[in-house]
2 protein chains.
Amino acid sequence: MTPTRGYHHGDLRRALLDAAVEVIGESGPAALSLRDLARRAGVSHAAPAHHFRDKAGLLTALAVQGFDLLADRLRRAGDDLLEAGVAYVDFAVRHRAHFEVMFRPDLYRADDPEVRAASTRAGDVLRERVAGLSARDGGPGDPGRDSLAAWSIVHGFATLWLAGALPDRLGGDPREAARVVIRRLFE
Amino acid sequence: MTPTRGYHHGDLRRALLDAAVEVIGESGPAALSLRDLARRAGVSHAAPAHHFRDKAGLLTALAVQGFDLLADRLRRAGDDLLEAGVAYVDFAVRHRAHFEVMFRPDLYRADDPEVRAASTRAGDVLRERVAGLSARDGGPGDPGRDSLAAWSIVHGFATLWLAGALPDRLGGDPREAARVVIRRLFE
DNA sequence: AGCGGCATCTTGTCAATGGCAAGATATGCT
DNA sequence: AGCATATCTTGCCATTGACAAGATGCCGCT
């Protein structure tokens, strides 16, 4: 299982996932075609089925990858809830394709055990950060409510940013804009 | 232009939009098929094209309808920002199909003048409510930032609710759960 | 009343897609 | 070396979106 060049034709699974990320990032999940991915990878149109069964299978794998990436990003953002929030938005923008799939459960098998596990892992990190904050400032707040509010505001901001719904005056740096908005939670 | 029964075969445009709302509400926008809508309406597979040109055209019409519905709902929620927020979430849940399309610009022609106009109308109502709040409590806050924060938190909550990402303990009433979360902005 | 114009809908067709079945080919294990 | 298996290919079918050309019913105009 060497990472790059392989045996038969290359390591297809990764190549297909990478191509999917590229396509979705450019044109959205609706534009995704298994046959197109196969062409990009230089294999026949039925090859993807052996790795992912069907389209939903491929998107399920993408979702797992996405939740794991997100958990990693959140962890590396440190203990500060504000920075974790900024990292959440940053993740959504930099890994747009993953993010767009992750929260569209009608596109993949959301009940897949791998997805559930990965999604739980990411959720745990988020809750951890919120709990950390509540502890630090002598937090009165119900941590359930606080994490919901925090999650909602960063998720909403990220979604609206990706949808292109936000006004232009915010400029081109989502991290900076997100920081300002999230801080509103702490005042 | 009588509302119901019509002339040639019925008033198709409305029938198709209604059927689209039903399908999307049940299975998401990915499951939408023009031919299926035509079958449901009892017309031939090419009939929809005359009203909407293509799939994107139909979804564009749905988005316009959605933004107008949302503006209406927000207006009827009154001046209170908290209630407007609850109404936003309530709209997303009750008009799930519209909501899911509205914020997925890759599915329709987001640059369509009608969409832009309708979306602006809805945005104006939201900003109005935020401005009203700032004025009332001697608001120090930058209204730009406040409306962004308010929009983000309600949009995020609604999106997560629809995605089924929120924990079960919230129960089945999104309005109540949303009210608790939104209040977090005012403390 | 009759006629022409037009919006509405239908039939026919094509390329592209997802998914399935059956076969070919390389890989690794024994 | 030989066999089992994962990997990939070729061939096929139903469905879909989109287009073209024709049929059908409604309207206003003379």
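The chains referred to below are lettered A, B, ... by the order of the sequence lines, with proteins before strands, and numbering in each begins at 1.
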Quiz item: Quick one: on DNA chain D, does A:R13 or B:A56 contact a more 5' nucleotide (nearest heavy atom)?
Solution: A:R13
Exercise. Using a heavy-atom cut-off of under 4.0 Å over every strand shown, decide if B:L37 touches base, sugar-phosphate, or nothing.
Key: nothing
Practice problem: To the nearest Å, give me how far apart CZ (A:R35) and C1' (D:dC8) are. | Solution: 15 Å
Practice problem: Give the rounded distance in Å between these two atoms: CG of A:D54 and C1' of C:dT17. | Solution: 13 Å
Self-check item: Phosphate contact (D:dC8 OP1 or OP2) by A:H51 side-chain N/O below 4.0 Å
Solution: yes
Quiz item: Under 6.0 Å between ring centres, would you say that holds for B:F99 and B:H155?
Solution: yes
Quiz item: What's the CG-C1' distance between B:L34 and D:dC19, to the nearest Å?
Solution: 13 Å
Quiz item: Given atom NE2 of B:H45 and atom P of D:dG17, what is their separation to the nearest angstrom?
Solution: 11 Å
Quiz item: To the nearest angstrom, how far is A:L58 atom CG from C:dG18 atom P?
Solution: 10 Å
Self-check item: Test: B:D111 and B:R116 ion pair at under 4.0 Å
Solution: no
Quiz item: Taking atom C1' of C:dA16 as reference, at what distance in whole Å does atom CZ of A:R39 sit?
Solution: 8 Å
Exercise. May I ask you to evaluate whether B:S33 reaches the phosphate of D:dT16, defined as a side-chain N or O under 4.0 Å from OP1 or OP2?
Key: yes
Quiz prompt | Considering all heavy atoms, the nearest A:G78-A:R129 contact | solution = O-NE, 2.6 Å
Exercise. In plain terms, say whether A:D36 and A:R40 are close enough for a salt bridge, that is, a side-chain N and a carboxylate O under 4.0 Å apart.
Key: yes
Quiz item: Given atom NE2 of B:H50 and atom C1' of C:dT10, what is their separation to the nearest angstrom?
Solution: 10 Å
Exercise. Measure from CG on B:L12 to C1' on D:dG25 and round the result to the nearest Å.
Key: 14 Å
